[in-house]
Amino acid sequence: MTITAILSALAEEQQGLLELLQQPRKSSHAGRDFWQGRLHGQPVVLALSRIGKVAAATTSTALIERFNVGRIVFTGVAGGLGDGVQVGDVVVATEFVQHDLDASPIFPRYEVPLYGRTRFPCDAALTARLLQASRAGLEGLALPAKTLLHHGLMASGDRFVSGMQESRNLRTALKQGGHEVLAVEMEGAAVAQVCFDYGLPFAAVRTISDRADDTAHVDFPVFVKDVASLYAQAIVRHLLEAL
Ligand code: ADE
């Protein structure tokens, strides 16, 4: 059976999954804890990416090299950037771009040097399943009717975006480069690139914790503490049951 890695950025997001893990076995490697076990009938490894692209790349590489995972699924939170992407909505990624990557004029803005590409895709089949699981998970949570499920491009960078002007500038610059992004976070593009290198399926879902604006630093911790884990549990359960 293919082992599924479930990556979260923060312990608060992972907590609920950890409590449900059966036959849990913890190992430490590269300064990180990896939890092997079974979840909803599937063999899994739960791990924390930590925060930022380099940390996420290290965790992803360890999962592949050491723990023999066959797919990686990321659950976490993100700041909403696109029109109509509101706090409490859910975004399933189809592709990732690194908004802070700029090797111009040697390479075009946002292009990852020597890959000849600016975007790294998520796996289409796994993403379709994650989208379906997110739909089912949201229905089960009985959220307000205005809660929306989006899917599309996500941007990652080593920066917590927490200002109205900053988020506008980011969105405008990305748009000029041809990238209409729905949400911004700090890890997904790195995991997508590692999975691309190893030829492993990757999918990612993020609940919107803030609008990357002047109140983002207040909205984010409240959301992470009170809500993020519930979304992750519901979506992961539906996904694993469908695999
Ligand atoms: N993750 C959640 N909110 C974020 C934000 N505003 N910027 C970057 N990463 C985030």
Side-chain angles (χ1 to χ4, degrees), residues 6-16 47-60 72-102 110 119-120 122 130 134 147-175 177 179-193 202-233 235:
I6 301 171
L7 262 183
S8 320
L10 302 168
E12 291 88 340
E13 295 162 328
Q14 189 193 49
Q15 190 53 40
L48 296 181
S49 63
R50 300 194 169 183
I51 297 172
K53 290 183 290 171
V54 175
T58 301
T59 308
S60 308
I72 297 182
V73 176
F74 200 111
T75 72
V77 296
L81 271 195
D83 288 331
V85 181
Q86 298 302 333
V87 172
D89 287 359
V90 170
V91 180
V92 173
T94 53
E95 292 178 289
F96 280 92
V97 60
Q98 293 184 45
H99 68 73
D100 56 353
L101 205 164
D102 187 358
Y110 304 118
R119 298 185 187 186
F120 284 87
C122 297
L130 187 57
S134 302
T147 306
L148 296 177
L149 175 60
H150 311 262
H151 65 289
L153 180 63
M154 245 185 244
S156 310
D158 289 322
R159 181 170 184 81
F160 185 80
V161 182
S162 57
M164 179 59 91
Q165 200 51 51
E166 184 188 352
S167 83
R168 275 204 196 121
N169 293 347
L170 183 64
R171 202 175 150 200
T172 306
L174 283 162
K175 209 183 245 179
H179 307 293
E180 281 277 1
V181 302
L182 295 174
V184 62
E185 39 84 302
M186 301 178 69
E187 299 82 21
V191 185
Q193 187 171 336
F202 170 58
V205 58
R206 297 266 186 172
T207 309
I208 300 303
S209 56
D210 57 81
R211 274 290 300 174
D213 58 11
D214 297 343
T215 60
H217 65 291
V218 181
D219 301 337
F220 169 81
V222 173
F223 196 90
V224 165
K225 183 173 158 287
D226 297 340
V227 197
S229 172
L230 294 176
Y231 277 74
Q233 275 179 63
I235 294 169

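Note that the numbering runs from 1 along the sequence shown for the chain. Note that ligands are numbered from 1 as they come in the structure, with each ligand's atoms numbered from 1 the same way.
The aromatic rings of Y110 and H179 lie perpendicular to each other, with more than 60° between the two planes, well past the 30° mark.
Of the possible polar contacts, one joining the E13 side chain to the V77 backbone as a donor-acceptor pair under 3.5 Å is found.
Of the protein's non-hydrogen atoms, R159 O, 3.5 Å is the one closest to atom 8 (C) of ligand 1. Nearest non-hydrogen protein atom to atom 7 (N) of ligand 1 is V161 N, 2.9 Å. Scanning the protein for heavy atoms near atom 10 (C) of ligand 1, the closest one is V184 O, 3.7 Å. Of the protein's non-hydrogen atoms, the one nearest atom 3 (N) of ligand 1 is D210 OD2, 2.7 Å. Annotation: atom 4 (C) of ligand 1 to nearest protein heavy atom, F160 CE1, 3.4 Å.
In terms of polar-atom proximity, G79 is counted as a contact of ligand 1, with an N or O under 3.5 Å from an N or O of the ligand.
Atoms of ligand 1 found under 4.0 Å from any heavy atom of F220 (numbered from 1 in listed order, with element): 2 (C), 3 (N). Applying the 4.0 Å criterion to heavy atoms of A212 picks out, from ligand 1, the atoms 6 (N).
The side chain to side chain contact (heavy atoms under 4.5 Å, CB included) with F223 is formed by just one residue from the set D210, I208, V87, V218; it is V87.
R206 does not count as a contact of ligand 1, since none of its heavy atoms falls under 4.0 Å from the ligand. Residue contact check for ligand 1: S162 places no non-hydrogen atom closer than 4.0 Å to it.
Salt-bridge formation is detected for the pair R206/E187: a Lys NZ or Arg NE/NH1/NH2 atom is positioned less than 4.0 Å from an Asp or Glu carboxylate oxygen.
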* Which is it for S134 and Y231 under the side-chain contact (heavy atoms from CB on, under 4.5 Å) test, yes or no, and what are the steps along the way? -> CA-CA 9 Å; S134 302; Y231 277 74; over 6 Å; no

* Worked verdict on Q14 versus L48 for side-chain contact (heavy atoms from CB on, under 4.5 Å) -> CA-CA 8 Å; Q14 189 193 49; L48 296 181; 3.6 Å; yes

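Contacts between S209 and ligand 1 below 4.0 angstrom, taking non-hydrogen atoms only, involve the side chain exclusively.
What you find for A78 and A183 is that their closest heavy atoms are CB-CB, 4.0 Å.
In this structure, F202 has its ring center at least 6.0 angstrom away from the ring center of F120.
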